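Okay, structure first, notes after.
Residue numbers count from 1 along this sequence. Remember, predicted model here, so these are calculated numbers, not experimental data. Hydrogens, waters and symmetry mates play no part in the numbers below; they use all other heavy atoms, side chains included.
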Amino acid sequence: MPEGDYVRRVASRLDQALAGRTLTYCVLRWPTLGGVDLTGLDVLSVWAYGKHLLMPLSDGSTLRTHLRMDGDYYIERAVDGRPSRDSRAHRWTSRAVLANEAWVVIGQKLGMADRIRTRDIRRLFAHLGPDVMADDFVAEEAGLRITAQGERTIGAVLLDQTVVAGIGTIFLAEGLWAWKVHPTRPARDVPDPAGLLAYIRSILWRSATSRQIGATGDPRPGHETEAHGREHLPCRRCATPIAVIRVGAPPYDRPAFHCPTCQSR
């Protein structure tokens, strides 16, 4: 599943292509949006909250989408304000196709799409925790939310979007590896949870603003992460083979890569 860094990159790209421009073409292939035509509306901006992409429009509504596991957005040049004949917009996997005079934005394999009133956004996201990449994110306050989870494992807590939004399996693994904390340690026993979140936020932003996605800032193949995706490969600190366990309750459990030595239980 795309994490906060990638969602921010997508939001930035869509904002550059759509914000301040009038829609000249719209196709929404989603059960609840089949009759909706946004043609003629202005896109005010495109921004992200956690892993949600939000597109406020000039009529007071917002198009909200989520990439889930397999979704992504593509941008192509428009031809007379529409997709070209050979555009990927015509593929059956296209769920949202929006165009202006310059660009066509195509949402492929989206996991969710709906249209909401812009004024309802705050209420709809009230159940989510603070966005770890938001400008107003306060690590100390979010750290208290982590500690308040008590006996829950820190791996499960970091993936719980109702505690802190925007963290997925990659940055869970990278943060806990840097902090030398095992994914199954009780959340209340994690040292300096505010510092942990501040660190995760910093590497998320570095990834979001770098030329290449990655948790380390090292673009060389095989060096993008310290722990995630490196099962059986030697830990970069102690050479112990990296292991992986599942955290969270099924069916929403996810892999947590870690070093069994550096991150002792």
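- With sequence neighbours excluded, the residues forming a ring pair (Phe, Tyr, Trp, His ring centres under 6.0 Å) with Phe125 are Tyr49, His52, listed by chain and number.
- Salt bridge annotation for Asp120-Arg123: present, with a cationic side-chain nitrogen under 4.0 angstrom from a carboxylate oxygen.
- Qualifying side-chain contact (heavy atoms from CB on, under 4.5 Å) partners for Arg152, counting only residues two or more places apart in sequence or in other chains: Gln149, Ala156, Val157, Asp160, Val163.
- Listed by first and then second residue, the side-chain hydrogen bond (donor to acceptor under 3.5 Å, both in side chains) pairs involving residues 98-115 are Asp59-Arg115, Ser61-Arg115, Arg64-Asp114, Thr93-Gln108, Ser94-Gln108 (not counting sequence neighbours).
- Atom CD in Glu174 sits 9.5 Å away from atom CD in Glu3 (nearest 0.5 Å).
- Clustering ILVMFWY residues whenever any of their side-chain heavy atoms sit less than 4.5 angstrom apart, transitively, puts Leu128 in a cluster other than the one holding Met133.
- Transitive grouping of hydrophobic side chains (ILVMFWY, heavy atoms separated by less than 4.5 Å) brings Ile75 and Leu23 into a common cluster.
- Scanning for side-chain contact (heavy atoms from CB on, under 4.5 Å) contacts around Ser264 gives an empty result, with sequence neighbours left out.
- Not counting sequence neighbours, Arg85 has no partner by the salt bridge (Lys or Arg N to Asp or Glu O under 4.0 Å) test.
- Looking only at atom types and distance, the side chain of Tyr73 has a donor-acceptor partner in the side chain of Thr65 under 3.5 Å away.
- Using a 4.0 Å cut-off between charged nitrogen and carboxylate oxygen, Arg8 and Asp131 count as a salt-bridge pair.
- Pro186 is linked by a side-chain contact (heavy atoms from CB on, under 4.5 Å) to Glu151, Arg188, Asp189, counting only residues two or more places apart in sequence or in another chain.
- Under the salt bridge (Lys or Arg N to Asp or Glu O under 4.0 Å) criterion, Arg119 pairs with no residue, sequence neighbours left out.
- With Tyr25 as the aromatic partner, Arg82 does not meet the cation-pi criteria of under 6.0 angstrom to the ring centre and within 45 degrees of the ring axis.
- By the side-chain contact (heavy atoms from CB on, under 4.5 Å) test, Ala78 is found to be paired with Val104, residues two or more places apart in sequence or in another chain being considered.
- Applying the ring pair (Phe, Tyr, Trp, His ring centres under 6.0 Å) rule to pairs touching residues 207-240 yields His228-Phe257, sequence neighbours excluded.
- Shown here is Arg77, whose CZ atom has no more than 12 heavy atoms of other residues, nucleotides or ligands within 6.0 Å.
- Taking the ring centre of Trp177 as origin, the terminal cationic atom of Arg236 falls outside the region bounded by 6.0 Å and 45° from the ring axis.
- Residues that satisfy the salt bridge (Lys or Arg N to Asp or Glu O under 4.0 Å) test with Glu224, not counting sequence neighbours, are absent from this structure.
- Cluster annotation: Leu110 and Met55 are assigned to the same hydrophobic cluster (Ile/Leu/Val/Met/Phe/Trp/Tyr, side-chain heavy-atom contacts under 4.5 Å, transitive).
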Contacts table for residues 38-48: side-chain donor-acceptor under 3.5 angstrom, sequence neighbours left out:
from  : atom 1 : to    : atom 2 : distance (Å)
Thr39 : OG1    : Asp37 : OD1    : 2.7
Asp42 : OD1    : Thr22 : OG1    : 2.5

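- Grouping the Ile, Leu, Val, Met, Phe, Trp and Tyr side chains by contacts below 4.5 angstrom, directly or via other members, places Val247 with Trp179.
- Expressed to the nearest 0.5 Å, how far CD1 of Ile242 lies from SG of Cys262 amounts to 7.5 Å.
- Side-chain atoms of Thr62 and Thr118 include a donor-acceptor pair closer than 3.5 Å.
- Once rounded to the nearest 0.5 Å, the distance linking CG of Asp5 with CD1 of Ile200 reads 12.0 Å.
- For the pairing with Val97, the side-chain contact (heavy atoms from CB on, under 4.5 Å) check across Pro83, Cys26, Ser87 returns one residue only, Pro83.
- Every salt bridge (Lys or Arg N to Asp or Glu O under 4.0 Å) that Arg246 has, sequence neighbours left out, goes to Asp253.
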